[in-house]
Amino acid sequence: MDDHDELRTHSPNEDPPPPYSQSSNPPGPGTTSSSATQPQKPQIQHQLLPRASVHTTPLFPLSWNLYRSQSLGRVLMLGAQETGPLYAVSQHSGWSGKPHMILHSGPSDTLPALAAGIRPATLGEAQHSIIILPPLPGSSLDSSQELFRAHAGRPRVTFRFTVVVGTEPSSWRRETFEWRHSYGDAVASLDGARDGWKLVRSAGVSSVSPSNTSSPVSATSSDGHELVAVWAYARFSLSKAMKFRFLGSGETGALGDRWAIMAVMTALRMFQWQNTSS
């Protein structure tokens, strides 16, 4: 049986939280906010996403790994295999003036950012993050922000975010997701560390038929919610650091590219928190 914490978030009849913030003129990293809800936001260049839809070639493989490079841990590579990585992931200190983590738009840290993560200076907790995403297609804004936040729970902390899901403007809606610690079958299917994290969708129960996915395990949590992704540390590897897999609606692409970037970025930030203090 898969262990779980009960999902402690808005009820299905409540509207999910609004976007954390959006901006068409973000301040530089040294700008001090006058409000606790307007943290520092670095200038970063975005590779704009194509129109939200289910693409023939998804932004990410269904399963991918994070690989160490020769840059002393500052730059990691994301891809299905060590040869031919898809994206570079760069990590930076708070003194660098750059976001703490940048997911680049290709396999080099010299390429523009696809998304980024920063630690908010005003929320008082190390394990909170602001994820900076490209704007929604058709928006005149330069970027948007979503809050990724830790919540104390028993027996372990959980991590939640809310983001726009859907593949077409007519179906866009905001939904909440929660990363829960797990020793269950979904984590075990990664063939990595014996424990890891599963991403639970708060809206309703799983409606994805197992025949529509290639997952070797059920994409349902023990309390009936849909599992949409899972990650764990790799083991017995000098080069491979982390393993990730999309499940359920995350695998079929029904949640859209924006959600996929958010799921990947939040997993990467959790990985970073457990290895550094950024």
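For clarity, every value in this text was computed on a predicted model and none was experimentally measured.
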Side chains of Leu255 and Phe177: closer than 4.5 Å at any heavy-atom pair? yes
Min side-chain heavy-atom separation Tyr67-Thr83 under 4.5 Å: no
Classify the side-chain pair Arg201/Ser249 by whether it contains a donor and acceptor separated by less than 3.5 Å. yes
Test side chain to side chain contact (heavy atoms under 4.5 Å, CB included) on Val264 and Leu78; report intermediate values, then the result. CA-CA 10 Å; Val264 168; Leu78 187 158; 4.0 Å; yes
Does the side chain of Gln272 reach to within under 4.5 Å of the side chain of Arg119, using non-hydrogen atoms? no
Under 4.5 Å between any side-chain heavy atoms of Trp64 and Leu86, yes or no? no
Side chain proximity check, Glu226 to Val228, heavy atoms < 4.5 angstrom: yes
Flag side-chain contact, heavy atom, 4.5 Å: Leu76 against Phe271: yes
Salt bridge or not between Lys98 and Asp109? Use side-chain N to carboxylate O under 4.0 Å. no
Side chains of Leu268 and Phe244, heavy atoms from C-beta outward: is any pair under 4.5 Å? no
Any donor-acceptor pair under 3.5 Å linking the side chain of Ser129 with the backbone of Phe148? no
In this structure, would Leu111 and Ile102 fall into the same cluster of hydrophobic residues linked by side-chain contacts under 4.5 Å? no
Determine whether Phe159 and Arg269 make a side-chain contact, defined as any pair of heavy atoms from C-beta on separated by less than 4.5 Å. no
